[in-house]
Structures are given as C-alpha cells and as structure tokens.
Number of protein chains: 2
Amino acid sequence: MSTAPTVYDVAEQSGVSIATVSRVYRNPDSVRAQTRERVLAAARELGYVPSGNARGLASRSTGVLGLCFPDYSDPDAESEAEAGATGGGDEADDDAAMLYSDQIIRGMERAARRHGYALLIAASLKGGPESLVAKVAGRVDGFAVLARTVPTEELEVISRRQPVVMLAGPRETDHLDHLDHIEVANADGQRELTRHLIEDHGLRRLAYVGSAEESPDVEARFRGYVEACRAAGIEVGPEPDLRVGMMTQAEGARAADALLDRAGERPEALLFANDQMAVGALHTLERRGVRVPDDVAVTGFDGIALSRLVRPALTTVRQPMRRMGEEAVELLVRRLTGAHGGDPVSMMLPVSVVRRGSCGCGVAG
Amino acid sequence: MSTAPTVYDVAEQSGVSIATVSRVYRNPDSVRAQTRERVLAAARELGYVPSGNARGLASRSTGVLGLCFPDYSDPDAESEAEAGATGGGDEADDDAAMLYSDQIIRGMERAARRHGYALLIAASLKGGPESLVAKVAGRVDGFAVLARTVPTEELEVISRRQPVVMLAGPRETDHLDHLDHIEVANADGQRELTRHLIEDHGLRRLAYVGSAEESPDVEARFRGYVEACRAAGIEVGPEPDLRVGMMTQAEGARAADALLDRAGERPEALLFANDQMAVGALHTLERRGVRVPDDVAVTGFDGIALSRLVRPALTTVRQPMRRMGEEAVELLVRRLTGAHGGDPVSMMLPVSVVRRGSCGCGVAG
DNA sequence: TCAGTGAATGAAAGCGCATTCACTTTAGGT
DNA sequence: ACCTAAAGTGAATGCGCTTTCATTCACTGA
C-alpha cells in the first residue's frame, strides 16, 4: 500500500506523455494500437488505477448517483426482531425483513446500473452542519433524498447546482420548492382500503390510529380515510381516533389496548397508519382473546414483509418503494442528459390494496 | 443549475482567502468566530457545496467505502417471483425477498455509518476492462468484493494501494493472494446439517445436489456433507449425486425428478446446495405425491426468506450475510486507521442450522 | 516602549486527471 | 519525390480543494 501510481508513472514507464495515458482510458480508439498496448502493459505492471477524484475534478462529473435517507435503522430493526420471535425459534428475523430503504436502494441500484452509474448511499446520522448532504452532494452527479431527511430549504440550495429528487414527500405548499418529487398515492390507498372495509365488509364503526409526529405521508393517509368515511356517510372528526408517538409495534399494541378499553361500543375495525403498529395490535388482540377478523378487522399500511407472515395475514396497502427508486434514477438521468425544461416535475406512484385475512378476506397466505 | 460556486466565490464574497474558507469547513475552531460566520453566511447565500472530488484529490481520501458484487440480479428476482406466486395472490413477491447483496449492503451501510463513511455500491454489469473495479476502486478509501465478481489477480493489484476485502470466497490456494478474506463456514454448516439428518433422524440413504459451475462455496458445502457421511460410516463418492447448471428452482425441480426416477432405492433425504433448488424440489415432490418429510426429507442452504414461507418450511443453514457486511467494514476501517500489520487476515463466520419441517423437525413456522 | 508569543490569516504549491492547441508523423495522391 | 490531409502525440493549463509555510496582529511581560 505504498503511494499509488499515477498517470505520470505510467507515462514514464511506457515512454509516452500523460495525455496519451489518459486517452488510453478515456478514448482508446484515438491512440494507436501499439501505443495503447504499451501503456496498458505499464499500467498493469504498476498496478495503476485511475483516481476517481482527479477524474471527477477534471471532467466535472462523477458517474455516481446518490441516495440520502434518515437514520431510522436500529430501533426498527430491533422491534422487528422482537416480532419475528413470535414465529417461534428463528432469531435474527429482521434479516429477512426488507426496510423501505432497502427497497429503494435496490430499485435505484438496478436502474443506476442500467445507465452506467454507481450508487452512493448514506443515512443522516443526525449529523452536524455539513455532514450528510454535503458528503453526498459533493460526490455525485445528482441524488435522491427521502423526505424529512434534511430541510427542504437546504436541498433547494443544492438543487441549483445538481439534480435533486425528493422521495415520498409532497412539494412544500407554502414555499413551493423547485425540487422534483416522487410520491406515493397515500390518500388514494387509504381511501380505497377504507372503502373496502365499509362497502365490502359492511363495517361502519371504524377507528383510525395515526402518528403524533407530523409526517405528510401519514397525514395523507388519514385524509384518504376521512374521505372514504364521509363518502359513505360516516361521521369522522378532523383528527385520528388516536395518535401514537413512534409508529412501532409496541405503540400499536398499546393503541389497541387503549381503543378496546374506551367507553362506548367497540369499533368493528382498527385502521393503522402503518404495518408495524397493526402487527403490534394483532398481538394485543390475540392476548385479549379478541378474534381477528371476526370480532374486529385490522389493517395496516406499507406492505412490509412481516405483514404477510403474521396470522391472520395483514390486509394492507403496498407501496411501490422499489419502483420509486427506479423512477428516481430515471428522473435524475433525464435531468443530467438535459431533457426536461427547468420546470420541476411531480410524480405520483399508484399503490395497491392487498386484501388478506385480517379484514375478513381470508385466502392468500 | 448554473456553474456551481467554489471556494473562490465564497472567499471573494466574504472577503477572506480560500484557505480560510477551507478551514471553516475542515477545522472550524481554527478560524475566529466572527470570520467563520461571515464565511458561512456567504456560503449559504451562494449555495456553496464543497466538491467531494476536489476534496478527495487534495486530501487523498474520500470518506467512502465500496462494495462490488456480481450481476446476478434479474434472473434471480424473476425466479423468486415465480415461486412467490405459489403463495397465492401476491405478485411482486420478489420485493419482499432479500437477496444476499441486500443483506450485505445493509450490514455494510450500518457499520459504515457508525464510522462516518458513506457506501458506494456497484454491480459488475459484465463490464469491459476498466469498468467496475476501476469505477469503485478509484472513488473509495477501501472496498469489499463479493467472490467471483472480478478476477482475484486484478484485485490483488489494487490491494497494493488500498484495502480490499473479499467476501464469501476462500483465499486462492495455488496463488496465495494477499487480500483479506471473510468467509462463511460452509463446510461446517453442511456437515452439521448432514449429521443432524443422520443421527437425529436416522436417515442413511442421502443424495446431494450440487452445482456444475465451480463455486468454492458450493464445493465447501459438499465437502462438509462428505465428511459427515464418512464420519457416520456412510459411503459417498467424490462427486455430488447430481450437479445442475444454475442452482435455480427450475433446476431443483428437475433434479428431484431425476433423483426419484433413478434405479435403486429411493433416497431418504435430498440435500441441496442452496434453498432455491430445494424449493423447486418441494414443488416437484408435491406434484408427484411424495410426502415431505415423511417419504423423503429435503434440505437447502442459505436461509433465504422464501425458505420459511414454503410448506413444509425448509430446513436449511442460515448464512450471516449481514454480519459479513459489518465485519467487512470493520476490517476495512481497521486497515485504514493503520491497525493490523501487513499480514492478510482470514475470518470465518459461523453459520447456524435452521431446523424446520422439511427434515422432520416440524414445529417452527 | 519593545521584543516575544501565539493565534488568525494569506500565498502558493500541489493532488491526478481531462482537454485544448499545436505540433509531428503517417498515409494518400499526383 | 513532393504536397496535403488525417491521425497521433505532447505541452500546458485548469478543475476546486487541502496544506504547509510565512506573515500579520493583538497582546503579554519586562
């Protein structure tokens, strides 16, 4: 691991100028075959690898796309592991569960590969001032950011110099940012799922569990719920029946308890703003001897792997996170190749309701 | 997206030299608070983001670690999707299945984050000469490579200038490469699993299905199988009973057919070198009315998510791929911080046998 | 008041490559 | 053999930043 050889070394070794060495790599056809071979031989012998940094600096482009996401790793992973233990013996079940970020990464990686880009990924790690974004932004040709990872304002500054697409977050309404956005039809999905419960299963006493932290996703879902209820002539307040803090299984379990213990008639259906909570609720209900879906229907949102493994399998709304990753790359690439005008695009990806046992549709496993 | 502002712009705007601007970012304490504020204000106003390339060039380090893996994406994804359809209704099941690469990525990302590194990932894409490795190697401080992604020889050249760790591949025996290696105890796992079938289930007529393409992993597994058999006084030849081409479900299904149709006594257990094939075999056996595990036991290797979803659930050996990713980063970081001598390290991660229904241990889901 | 200190800042030299422009071969034509 | 166009090659410059090294300042103690 001595000092790495550079173009100068290769040039000297093969008796040409550094310009020629560079050409051998950038544009082989512009160098006579014989010369080229000589250079390549020298490079091989010296163990020369072109410096991406120098290259990027000189050519003003890196061939790398980026992805920034928030640091929601470890807590989630653990709560999923805890859940998996239910299965009976398999520890480390979290290994099998794909997080959002994994899906998006996969989508982006595939698409990036197709276009000849590599992918740089980084989670925020509650970093200081320049931390995350600077790290990524400074090293890529363009990048995607999961909503609420870094202040929109900051992104906007950056988007003046390179393409930035925001994932799963709506355009700022007050501010009207100029970023590209790719969202998921949260409201549509929750509306459709709610409609299903009401019309197809004849349920009318519904309870919605949302989140205290304000997330546009969760708000949109609740909005869809409200719309479906109103459309069916069911009264609903402007707020979810319950708001929890973290949207974890533990909170979901607690929420189910709270809802069941409330005075008045027991709800016929518990709608949760995500799968994690719904799974937690499933546990609570089982413990209390409340049958699902006979006594009460339960639904989630997201379509995580776990939703299919629990019993009864969870009815939910699947988000196309992988596709979102792919679309993000396509969009970035288009921007980089100069397509599109200056106008920011917003893209809304459709979701699909997955009907499974927990709402009474029992079939699929 | 006009020309991006540079240190020069910020320096001019704030009335200092570029050295000071640089210091504000690299070592804030060395600049008077008042000056620092002035610089940061200018930076904000201009939308300045330090160029990672220039930085890397000047400081000879990137703060990025890399991962290269082979391009086994799409074929696998599709075969898994096909399998998922068995479940009955959920399309897009491949979305829920984590590939090896996903696990490793996750492990590496977590560990890298802890150490303040970002992660650059790239799949080979059967690239030309410089393609993959050059792309990654030139942009990172060190990186991991999945075995058989690129010729060891090439890696070795690169490892002269930066840390390289090979994942899931043994050290070259003839050649004795100087790379760091992290492997999985394939032989141990298959030996233990085989022992389990023989001793705990009393099975003695076993059949092993390997792969035609020579992969050190698969060879090690077979070796473990042979060892366990010999230890139990069971005769086995030097070759698997069957070698298939691709280790896919389709091939596994075919293999089961072939094995069942062979003259002589039917085997009591079918051991496959990976889960994919074992799952395929499960389908064949069901179709033919052969009961698992009553008529014949079936085992896989890998512990993919699908192995738990099929019926009966597949007994297999779980590989700690995520942990492998983490260890890889730890190793790289240690190398970068100058720990370790020059001697290459080899690390062997333990695997665990997962006993499920398909071998007769029926319990867990 | 003045040399002596340490802190804050500036000047300048690269880091390794791409690229333009000018120059030298070589091939093609007569 | 001589000229022209095309193909190959080299010299030199700059990409945006980090990093000595030197310089300037504001103080300190004598």
Side-chain angles (χ1 to χ4, degrees), chain A residues 2-40 42-43 46-63 130 134-135 137-141 161-162, chain B residues 2-40 42-43 46-64 130 134-135 137-141 158 161-162:
Chain A
S2 52
T3 322
T6 73
V7 268
Y8 295 97
D9 302 314
V10 176
E12 182 173 3
Q13 170 98 10
S14 53
V16 300
S17 75
I18 64 164
T20 298
V21 175
S22 177
R23 277 190 277 258
V24 165
Y25 286 88
R26 305 292 309 164
N27 189 4
D29 293 333
S30 73
V31 175
R32 207 193 328 169
Q34 173 190 333
T35 313
R36 194 190 318 144
E37 283 315 316
R38 206 146 33 93
V39 171
L40 285 176
L46 263 39
Y48 168 71
V49 177
S51 150
N53 284 325
R55 239 179 173 148
L57 184 53
S59 68
R60 271 164 280 291
S61 94
T62 65
E130 65 153 306
K135 183 147 203 165
R139 312 200 84 76
V140 302
D141 291 340
R161 59 202 300 284
Q162 66 191 163
Chain B
S2 52
T3 322
T6 72
V7 269
Y8 294 98
D9 301 315
V10 176
E12 181 174 4
Q13 171 97 11
S14 53
V16 300
S17 74
I18 62 166
T20 298
V21 175
S22 176
R23 276 190 277 258
V24 165
Y25 286 90
R26 305 292 309 166
N27 189 4
D29 293 333
S30 72
V31 175
R32 207 194 328 170
Q34 173 191 333
T35 313
R36 193 192 317 144
E37 283 316 316
R38 206 146 32 95
V39 171
L40 285 176
L46 262 39
Y48 168 71
V49 176
S51 151
N53 284 324
R55 236 179 184 158
L57 221 213
S59 68
R60 272 165 283 289
S61 95
T62 64
V64 178
E130 65 153 308
K135 183 146 201 164
R139 311 201 83 80
V140 302
D141 291 340
I158 296 178
R161 58 200 302 283
Q162 65 190 167

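Labels below follow one simple rule: chain letters A, B, ... track the order of the sequence lines, proteins then strands, and each chain is numbered from 1.
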In whole angstroms, the gap separating C1' of D:dT9 from CG of A:N27 amounts to 13 Å
Is there side-chain contact between B:Y25 and B:L40, with at least one heavy-atom pair below 4.5 Å?
yes
How about A:V31 and A:V39: do any of their side-chain heavy atoms sit closer than 4.5 Å?
no
Rounded to whole angstrom units, what separation is found between the CZ atom of A:R139 and the P atom of D:dG16?
15 Å
Atom CZ of A:R38 and atom P of D:dG8 are separated, to the nearest Å, by 14 Å
Report the residues that fulfil side chain to side chain donor-acceptor pair (under 3.5 Å) with A:S51, sequence neighbours left out, ordered by chain and then residue number.
none
Tell me which donor-acceptor pairs under 3.5 Å the side chains of residues 4-12 of chain B have, and how far apart each pair is, sequence neighbours excluded?
| from | atom 1 | to | atom 2 | distance (Å) |
| --- | --- | --- | --- | --- |
| B:T6 | OG1 | B:Y8 | N | 3.1 |
| B:D9 | OD2 | B:T6 | N | 2.7 |

For A:V49, the side-chain contact (heavy atoms from CB on, under 4.5 Å) test, sequence neighbours excluded, returns B:A137, B:I158, B:R161
Is A:V21 touching bases, backbone alone, or none of the nucleic acid, heavy atoms closer than 4.0 Å?
nothing
The helix from C:dT1-D:dA30 to C:dT30-D:dA1: angle between its terminal axes, five pairs each, to 10°?
30°
If the cut-off is 4.0 Å, is B:T35 near the phosphate of C:dT9, judged by side-chain N/O to OP1 or OP2?
yes
For nucleotides 10-17 of chain C, read 5' to 3', which letter fits each nucleotide if B means a protein heavy atom sits under 4.0 Å from the base, S means only the sugar-phosphate is that close, and - means neither?
BB--BBBB
Answer whether the closest heavy-atom distance between the side chains of B:R139 and B:N53 falls below 4.5 Å.
yes
Which distance, rounded to the nearest 0.5 Å, do you find between the CD of A:E37 and the OG of A:S14?
11.5 Å
Can you see if the side chain of B:R32 gets near the phosphate of C:dA7 - specifically, an N or O under 4.0 Å from OP1 or OP2?
no
With sequence neighbours excluded, tell me which residues meet side chain to side chain donor-acceptor pair (under 3.5 Å) with B:T20.
none
